[in-house]
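Whatever order the structure lists them in is the order used to number ligands and atoms, beginning at 1.
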Amino acid sequence: MTRNEILFSRAQASIPGGVNSPVRAFRSVGGTPRFFTRGAGAYVWDADGVRYIDYVGSWGPLILGHAEPDTVAAVQEAAARGLSFGAPTEAEIELAELLKERVPSLELVRLVSSGTEAVMSAIRLARGFTGRDLIIKFEGCYHGHADSLLVKAGSGLLTFGNPSSAGVPAELAKHTLALDYNDSEGLAEAFDKHGDQIACVIVEPIAGNMNLVLPRPEFLRTMRELCTKHGAVLIFDEVMTGFRVGPASAQGLYGIAPDLSTFGKVVGGGLPLGAFGGRRDIMEKIAPLGPVYQAGTLSGNPLSVAAGLVTLKKIAAPGFFEALAAKTRALVEGLRQAAQKHGVTFSAQSVGGMFGIYFAAECPASFAEVMACDKEAFNRFFHAMLARGIYLAPSAYEAGFVSAAHTEADIAATVAAAEAVFAGR
Ligand SMILES: *Cc1c(COP(=O)(O)O)cnc(C)c1O
């Protein structure tokens, strides 16, 4: 047995499925998950000492790469001054100010400890602010594991949702309507029918949890108009896209201001941190100013805030996103050409430092189109790349991430590995 196999079997005796978050278990692709012992820049090393070029980056946070020296130093300094106070600190103000400066729709911001917590709080706030219960989400978007959002579409269009997880009361799921991504007409119909009951529409402005699906420009515009018209709160869940697709996140790319936004991943620089914020009149409804309760023992944790501050400052360097986007484009273009050369049905695209690869002729625009991609072809590709030292997300339904630490040589090595795989070598 390899060391990874030994650890996986030991983990399963004490941890459900051997993992603390399900995708890590490799269930989708099969095989043994790699247990990592360390990371540096673009690379990770597993328990058997094998090095991989990493395109997961802890599922998005590590935009500067693994163990980035300035981030590590800032966290070490913060740790030496105290791990947690449960009282306000100056660094939290600085982080909130930076977030407001970068993303103009944020008038007030609150820090929490995860993306799930940010979204859960934003939903409660939207309901408390509007006095309405109904939520609209879109199939294939993931917003963390709060009960109200673990909901899939009911049997017909515009029927209320069903739980997508055991343990979520059907009574609760009934308050969530799950519509098709990129379907502006479906959204307009839902507002026609339920407009005065809709508390909020929550969307990944660029969907990154069903592989990568880009929004049609009119989809986000229509959503903004309908929410304004009907007094519903528009929530952009930028936990993944925040400071990953551009300096002002997805809302900056598309020039649309949501009422509330949620963040996580990059804003914590690899430590547990989330944030939500937006319009002042809405945010003022949160305790202690208003009647919507929300709290956290470790909220604004000094170590997480230190890591987030370094990350946000470094990605503001001139040309940072241009370079990251160019590198990511070079990767997907290289993969596309390699597939084309060997007659493999494949497509790929990127936005900022985020990419999607699809075993399909065209890039998908909806959940159904993502589901129609050749999953078995992806699984074979995943394992063949893994064997060549390339660590892709272990599922056909996840986006990929490039960091500032990836070099042109890393990209070239990845494309060469893919070409060998596509050639059947
Ligand atoms: C990752 C993610 C979440 C959940 O964040 P956690 O920190 O894992 O709780 C929510 N929304 C989106 C869009 C995400 O990508």
Novice: Show me which atoms of ligand 1 lie under 4.0 Å from any heavy atom of Asn209.
Specialist: 12 (C), 13 (C), 14 (C), 15 (O)
Novice: Please report which non-hydrogen protein atom sits nearest to atom 8 (O) of ligand 1, along with the residue it belongs to and the distance in Å to one decimal place.
Specialist: Thr116 OG1, 4.4 Å
Novice: Any donor-acceptor pair under 3.5 Å linking the side-chain atoms of Arg10 with those of Ser14?
Specialist: no
Novice: Would you please test Phe263 and Val239 for side chain to side chain contact (heavy atoms under 4.5 Å, CB included) and show each step?
Specialist: CA-CA 4 Å; Phe263 296 91; Val239 171; 5.6 Å; no
Novice: Between Tyr397 and Tyr142 (judged by ring centroids, cut-off 6.0 Å), do the two rings come close enough to count as a pair?
Specialist: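 For Tyr397 and Tyr142, the ring centres are not under 6.0 Å apart.
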Novice: Under a plain distance cut-off of 3.5 Å, with no hydrogens placed, do Glu238 and Thr241 share a side-chain donor-acceptor pair?
Specialist: yes
Novice: Which protein non-hydrogen atom lies closest to atom 11 (N) of ligand 1, naming both residue and atom, and how far is it?
Specialist: Asp237 OD2, 2.7 Å
Novice: Looking only at heavy atoms, is any part of Lys265 under 4.0 Å from ligand 1, and if so is it the side chain, the backbone, or both, or is it neither?
Specialist: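 For Lys265, the contact with ligand 1 is made by the side chain alone.
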Novice: More than 12 foreign heavy atoms under 6.0 Å from NE2 of His145: is that the case here?
Specialist: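 12 or below, so no.
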Novice: What's the shortest distance from atom 7 (O) of ligand 1 to any protein heavy atom, and which residue and atom give it?
Specialist: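 Residue, atom and distance for the closest contact: Gly115 N, 2.9 Å.
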Novice: Taking it one step at a time, do Phe36 and Tyr391 satisfy side chain to side chain contact (heavy atoms under 4.5 Å, CB included)?
Specialist: CA-CA 11 Å; Phe36 292 131; Tyr391 190 76; 3.7 Å; yes
Novice: Heavy-atom contacts with Glu204 under 4.0 Å: which atoms of ligand 1 show up? List them by number with element.
Specialist: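 Every atom of ligand 1 under 4.0 Å from some heavy atom of Glu204: 13 (C).
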Novice: For His143, which part has a heavy atom under 4.0 Å from ligand 1: side chain, backbone, both, or neither?
Specialist: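 It is the backbone that gets close, since no side chain atom is under 4.0 Å.
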Novice: Give me the nearest non-hydrogen protein atom to atom 3 (C) of ligand 1 as residue plus atom name, then the distance to 0.1 Å.
Specialist: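 Going atom by atom, the protein heavy atom closest to atom 3 (C) of ligand 1 ends up being Val239 CG1, 3.6 Å.
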Novice: What part of Thr262, side chain, backbone, both or neither, has a heavy atom within less than 4.0 angstrom of ligand 1?
Specialist: neither
